[in-house]
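One-based numbering, in listed order, for ligands and for the atoms of each. All values below were derived from every heavy atom in this structure, side-chain atoms included, with hydrogens, water molecules and symmetry-related copies excluded.
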Amino acid sequence: MEELFTDILVIGSGLAGLLAALEAERAGLRVLMVGKFAIGMGTNTSLANGAFTASNSRFSKENHLQATLESGKGLNQIRLVKTLIEKGPEAIKRLRDYGAPILERGMGYIMDRPEGSSQLPGVLLIKPLIERLRNSSIKLLPGLVIFDLVVEEGEVRGAFGFLKDGKPYLIQSRAVLLSTGGAGAIYRRNDNQRSILGDGYALALRAGLPLFDLEFVQFYPFALGEPRLSSFLLYPPYPKEVRLFDEKGEDLLERFNLRGDLNRAIIVQRDRLSIALYSATQSGDVFFDLTQVPQEKWEHYPFNFLKKSKFPFRERPFLISPAVHFFMGGVEIDEKAATSLPGLFAAGEVVWGIHGANRLGGNALTECAVFGVIGGQSAAEYVHEREREQKSFNLFSEDFMKKWDRKVRTYLRKRRGTFDEPRYLLKDLKDLAWRYASPVREEESLKEGLDRLASIEKRIEKVYPATLKDLFKKRDLENVALLLKAILKGSLFRTESRGSFFRKDFPDQDDTNWLKNTCYRLEKGELEITHIEKSEIRNKFRTFEF
Ligand SMILES: Cc1cc2nc3c(=O)[nH]c(=O)nc-3n(C[C@H](O)[C@H](O)[C@H](O)COP(=O)(O)OP(=O)(O)OC[C@H]3O[C@@H](n4cnc5c(N)ncnc54)[C@H](O)[C@@H]3O)c2cc1C
């Protein structure tokens, strides 16, 4: 087993992780960054549309606060929202200082794309950061998949993982920053990177941390649904010539009462549209038609992006579907990005609290920027503080290594497997998620989903990794099944509809009974769910000022 030592380990190389690593290095510490792929690649950040919501010369902090809380429907963590809003412009300035081309626009900022460029805004965003990283002392270990956080004597002391070639790594670190992103790819239909399977949530749960509000999943109405194409989002602005119809030819924009107003609807009625489209796709195919869009409109983003594809988007209608976009739930942090486990910090989509029951568009990148910077600084402060107090720890003691050697052997133990191939099981889990933890949920189907999940879990237990690939796949299966169970169970408890969360059998928001956050914990391997009252939010909201 390979052993490494560092001051700060950053898990994940999206926007949150990149900024945290650069900040920690500025504080003069040894930083190691790991990610599933090449640094910056395979991240949702690289797919992002590059919109940051934050106050600017025309959009005030008060407006940002109001819009964020309005979306969150009473479930936001006010102290985090306050930090987001106060530090947003400063974090964007930091990104500009690193060389990211960002312009002020509307309710915040947007990546500046050269006219005619077909590069994704997210790629333009991370390029200068990666450049900085390569010219820094930060050590990079791409392709290392973290399987466990190492927790000893009530504090985090590093992490354990396997490199893609199967070599096990035990990393001792004085502080760890978790920036593993969300979990959109646990659903059959999603616009995330394929590898964004909620590892960070599972790592935190297994390390004894609670997670919150996992039942709140954000869907986006329009993503490509053609079988052989990636399910890319179809971004606005939509030209007025766009048509949307079902397989019988019925005009869905008419049916949804949206003719001529699609660009506004995608902002103010995004969830209603996702629900309506999900229901429509349950009874047949739904098509997007761009054949009437005039030539000149195809020259500009986002259409020039579609133009690059071999698929004849300009010649014929194509299948679309809503898709999972973002996870509102996750790990609890304080304003310094510290979790309740000493030494563990978290930033980015893996974190819970800012968005409440629904995320305001553009707040995710701002969250990554603000809490990525704070997380890196706080982790560095934590390490310096320990040094001042002369607190040290000896992770690689003989006993400790024996314990981890045993654990590694369990991971690698080969036994006769079953006929279930992990990739088919993963497909089954994703289908189950799409069917039962969909934009439209109800008691009967949630219970059915949990029953079906229980039988898939039994099949997962019997998968013994015969190859290295299977070792990683088995971990994915365990993580996805755990997360899915949390979403289904949490959804079953919440007998109301709020924000992105819709129960067909309880279609109204119920502030009397459900102004609560859902708390998930793993107790002796069992998932436990409790609820925390949020009634104090209303009072705080009234007295909240900048
Ligand atoms: C198509 C699309 C467009 C979007 N557009 C916008 C937008 O315009 N504005 C906005 O505000 N938000 C947008 N979002 C949301 C936003 O992009 C994401 O929330 C944000 O980029 C997440 O960044 P992150 O740093 O938290 O994680 P990510 O960028 O997703 O990175 C996660 C990292 O963690 C690593 N990782 C995960 N598990 C492990 C493990 N076990 N071991 C090692 N490494 C691991 C991954 O390899 C990756 O490096 C968009 C999202 C999508 C999908």
May I ask you to check if Lys474 and Tyr464 form a cation-pi contact, with NZ or CZ under 6.0 angstrom from the six-membered ring centre and within 45° of the axis? yes

Just by distance, do the side chain of Lys167 and the backbone of Glu2 share a donor-acceptor pair under 3.5 Å? no

Are any of the side-chain nitrogens in Lys427 or Asp431 under 4.0 Å away from the carboxylate oxygens of its partner? yes

Atoms of ligand 1, numbered as shown, that sit under 4.0 Å from any heavy atom of Leu144: 42 (N), 43 (C)

If the cut-off is 4.0 Å to any non-hydrogen atom of Leu15, which atoms of ligand 1 fall inside it? 25 (O)

Atom indices of ligand 1 within 4.0 angstrom of Leu47 heavy atoms, with elements: 1 (C), 2 (C), 3 (C)

Is it true that Trp434 and Tyr278 have ring centroids separated by less than 6.0 Å? yes

Under 4.0 Å from ligand 1, counting heavy atoms only, is it the side chain of Ile11, its backbone, both or neither? side chain

Arg359 heavy atom under 4.0 Å from ligand 1: yes

Decide whether an N or O pair under 3.5 Å exists between Gly42 and ligand 1. no

Selection from Arg475, Glu367, His325 by shortest heavy-atom distance to atom 50 (C) of ligand 1: His325

Quick one: look at Phe327 and ligand 1, take heavy-atom pairs under 4.0 Å, and tell me if it's side chain, backbone, both or neither. neither

Starting from atom 35 (C) of ligand 1, which protein heavy atom do you reach first, and at what distance in Å? Gly12 CA, 3.6 Å

Output yes when the distance from some N or O of ligand 1 to some N or O of Gly17 is under 3.5 Å, and no in every other case. no

Set of ring pair (Phe, Tyr, Trp, His ring centres under 6.0 Å) partners for Phe59, sequence neighbours left out: His64

Return the closest protein heavy atom for atom 4 (C) of ligand 1 as residue, atom name and distance. Ala48 CA, 3.5 Å

Please work out, at 4.0 Å between heavy atoms, whether the side chain, the backbone, both, or neither of Asp199 comes within that distance of ligand 1. side chain

Find out whether the Lys NZ or Arg CZ of Lys87 is both under 6.0 angstrom from the six-membered ring centre of Phe371 and within 45° of the ring's axis. no

Return yes or no for this condition: an N or O of Ala364 is under 3.5 Å from an N or O of ligand 1. yes

Please report whether ligand 1 has a polar contact with Gly362, defined as an N or O pair separated by less than 3.5 Å (distance criterion only). yes

More than 12 heavy atoms from other groups under 6.0 Å of NZ on Lys307: yes

Hey, do the aromatic rings of Phe216 and His355 have their centres closer than 6.0 Å? no

A student checking ligand 1 against Ile196 at a 4.0 Å heavy-atom cut-off should list atoms 30 (O)

Any idea which atoms of ligand 1 are less than 4.0 Å away from a heavy-atom of Val145? 41 (N), 42 (N)

Should you measure from each heavy atom of Leu365, which atoms of ligand 1 turn up under 4.0 Å away? 7 (C), 9 (N), 10 (C), 11 (O), 12 (N), 17 (O), 21 (O)

Location of contacts on Asn363 toward ligand 1, heavy atoms closer than 4.0 Å: backbone

For atom 27 (O) of ligand 1, grab the closest protein heavy atom and report residue, atom and distance to one decimal in Å. Gly181 CA, 3.4 Å

Strictly under 4.0 Å, does any heavy atom of Ser179 approach an atom of ligand 1? yes

Is there a polar contact between ligand 1 and Ile146, counting only N or O atoms under 3.5 Å apart? yes

Non-hydrogen side-chain atoms of Phe160 and Met1 separated by less than 4.5 Å: yes

Could you tell me the residue and atom name of the protein heavy atom closest to atom 47 (O) of ligand 1, and the distance to it rounded to 0.1 Å? Lys36 N, 3.0 Å

Specify whether Phe288 and Phe222 have parallel, tilted or perpendicular ring planes, treating 30° as the upper limit for parallel and 60° as the lower limit for perpendicular. tilted

Does Thr339 use its side chain to pair, donor to acceptor, with the backbone of Leu341 at less than 3.5 Å? yes

Is any NZ, NE, NH1 or NH2 atom of the basic residue among Arg94 and Glu23 found under 4.0 Å from an Asp or Glu carboxylate oxygen of the other? yes

Are Arg475 and Glu478 within salt-bridge range, i.e. N to O under 4.0 Å? yes

Is it true that Lys403 and Glu152 have a side-chain N and a carboxylate O under 4.0 angstrom from each other? yes

To check your reading of the model: name the closest protein heavy atom to atom 26 (O) of ligand 1, its residue, and the distance in Å. Glu349 N, 2.9 Å

Contact region, Phe326 to ligand 1, non-hydrogen atoms below 4.0 Å, reads side chain

Under-4.0 Å heavy-atom contact with ligand 1, by part of Gln218 that carries it: neither

min-distance protein heavy atom vs atom 37 (C) of ligand 1 -> Thr180 O, 3.5 Å

Minimum non-hydrogen distance to atom 22 (C) of ligand 1, winning option of Gly14, Ser13, Gly348, Cys368: Cys368

Picking from Asn192, Asp476, Leu429, what satisfies side chain to side chain contact (heavy atoms under 4.5 Å, CB included) with Leu197? Asp476

Short N or O distance, Gly50 and ligand 1, threshold 3.5 Å exclusive: yes

Against ligand 1, does Phe371 come closer than 4.0 Å with any heavy atom? no

What protein heavy atom sits nearest atom 9 (N) of ligand 1, and how far away is it? Ala51 O, 2.8 Å

Please determine, by modelled atom types, if Asn76 and Thr68 share a side-chain donor-acceptor pair under 3.5 angstrom. no

Check ligand 1 against Ala16 and write out every atom of the ligand that is under 4.0 Å from a heavy-atom position of the residue. 25 (O)

Using distance alone, decide if ligand 1 has a nitrogen or oxygen within less than 3.5 Å of any nitrogen or oxygen in Asn49. yes

Purely on distance, is any nitrogen or oxygen of Asn192 under 3.5 Å from one on ligand 1? no

When the ring planes of Tyr411 and Phe162 are compared, do they come out parallel, tilted or perpendicular, using 30° and 60° as the limits? perpendicular

Are Arg157 and Glu155 within salt-bridge range, i.e. N to O under 4.0 Å? yes

Do Gln218 and Ser274 get their side chains close enough for a donor-acceptor pair, meaning under 3.5 Å? no

To which protein heavy atom is atom 28 (P) of ligand 1 closest, and what is the distance rounded to 0.1 Å? Asn44 N, 3.6 Å

